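For reference, the structure is listed below as structure tokens.
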Protein chains: 2
Amino acid sequence: MPEGEEKICAVCGDRATGYHFHVMTCEGCKGFFRRSISKGVCFTCPFTRNCTITKAKRRQCQACRLQKCLAVGMRKDSKVPPGRALGWAGASAVQGSRLARHRAGLVPCSGSWLAGP
Amino acid sequence: MPEGEEKICAVCGDRATGYHFHVMTCEGCKGFFRRSISKGVCFTCPFTRNCTITKAKRRQCQACRLQKCLAVGMRKDSKVPPGRALGWAGASAVQGSRLARHRAGLVPCSGSWLAGP
DNA sequence: TGCGGTTCACAAAGTTCA
DNA sequence: TGAACTTTGTGAACCGCA
Ligand SMILES: [Zn+2]
Ligand SMILES: [Zn+2]
Ligand SMILES: [Zn+2]
Ligand SMILES: [Zn+2]
């Protein structure tokens, strides 16, 4: 990370505190991502899965917040670099149950709130 | 919460206990709003739909109290700032039945006690 | 020294009962 | 109806290991 580089959370735009799960994020998104992934929860967006995530609104839609976390590349370090770079379809190449992959931050939860391409 | 913000209920002026349904309100208006919305009730103002809502009088007209709740922005979570900012007409863009929108705190109940502009 | 994990006080939603 | 209470998620501050 080049010095003097802005420390801005890639998820919500709040002040970031460093790299967390491979992405520059704030303490809030760091904790949110860890809690979400470790519990294997599935959130549901009450709208159209395109809520804007800002510091002020990040608590209002967990589904879109988690979606954004994954979209910017957050993942548990566990194993193979995700197929995410190839789109969600690529992630299915990774071994393990879907839930296991979900917990590793490789895939969103089973299709309910994020349609793969 | 903005620092030094007054802890006054935006609906009735009583002492507020924090943000409830996105608005700084007292325990009474918090409970009243949840009960009203979750049950999808329709109140009718016995007067001209412009009753003043104060701590002392808030119990006297449920229709106007609920109208005031909506006017100051109270809404069930999981609902983005509705079309309310655009007037009631804008809310009709929100998907779902009118009752669903009503229960989400997006629209008043069907025209009986609040005439849209 | 940076980052994952833990702790814990706090905010807000729901519940109870006089 | 609403004061008091329970429940759940949040995030700032820590802690400890590379
Ligand atoms: Zn963030
Ligand atoms: Zn959303
Ligand atoms: Zn009030
Ligand atoms: Zn009235």
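None of the values given here were measured: they were computed from a predicted structure. Residue numbers start from 1 in every chain, and the chains themselves are labelled A, B, ... in the order their sequence lines are given, proteins ahead of strands.
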### Task
Give A:Gly18 one of three labels, base, sugar-phosphate or nothing, depending on what nucleic acid heavy atoms sit under 4.0 Å from its own.
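Sugar-phosphate, no base atom in range.
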### Query
B:Gly31 near the nucleic acid: base, sugar-phosphate alone, or nothing, with a heavy-atom cut-off under 4.0 Å?
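Nothing, no nucleic acid heavy atom in range.
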### Task
Name the orientation class of the two ring planes belonging to A:Phe33 and A:Phe21 (parallel below 30°, tilted from 30 to 60°, perpendicular beyond 60°).
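Ring orientation, 0 to 90° scale: tilted.
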### same_hphob_cluster(B:Val41, B:Leu70) at 4.5 Å side-chain heavy-atom cutoff
yes
### Task
For residues A:His20 and A:Met74, report the shortest heavy-atom separation together with the two atoms involved.
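Heavy atoms of A:His20 and A:Met74 come nearest at O-CE, 3.7 Å.
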#### Entry: A:Thr17 backbone acceptor or donor facing A:Lys7 side chain under 3.5 Å
no
### Query
Would you find a donor on one side and an acceptor on the other, under 3.5 Å apart, between the side chain of A:Lys55 and the backbone of A:Asp14?
no
## Note on the structure
Distance col, row B:Thr25:OG1 vs B:Lys68:NZ, nearest 0.5 angstrom, shows 12.0 Å
Measure from [atom1] on [X] to [atom2] on [N] and round the result to the nearest Å.
| X | N | atom1 | atom2 | answer |
| --- | --- | --- | --- | --- |
| A:Arg15 | D:dA13 | CZ | C1' | 12 Å |
| A:Arg58 | C:dA11 | CZ | P | 15 Å |
| A:Lys57 | D:dG11 | NZ | P | 15 Å |
| A:Lys55 | C:dA11 | NZ | P | 15 Å |
| A:His20 | D:dC14 | NE2 | C1' | 13 Å |
| A:Phe32 | C:dT6 | CZ | P | 18 Å |
| A:His22 | C:dG4 | NE2 | C1' | 11 Å |
| B:Lys39 | D:dT1 | NZ | P | 8 Å |

Pairs under 3.5 angstrom, nitrogen or oxygen only, protein versus nucleotides 14-18 of chain C, please.
| from | atom 1 | to | atom 2 | distance (Å) |
| --- | --- | --- | --- | --- |
| C:dG14 | OP1 | B:Lys76 | NZ | 3.1 |
| C:dG14 | OP2 | B:Arg34 | NE | 3.4 |
| C:dG14 | O6 | B:Lys30 | NZ | 2.7 |

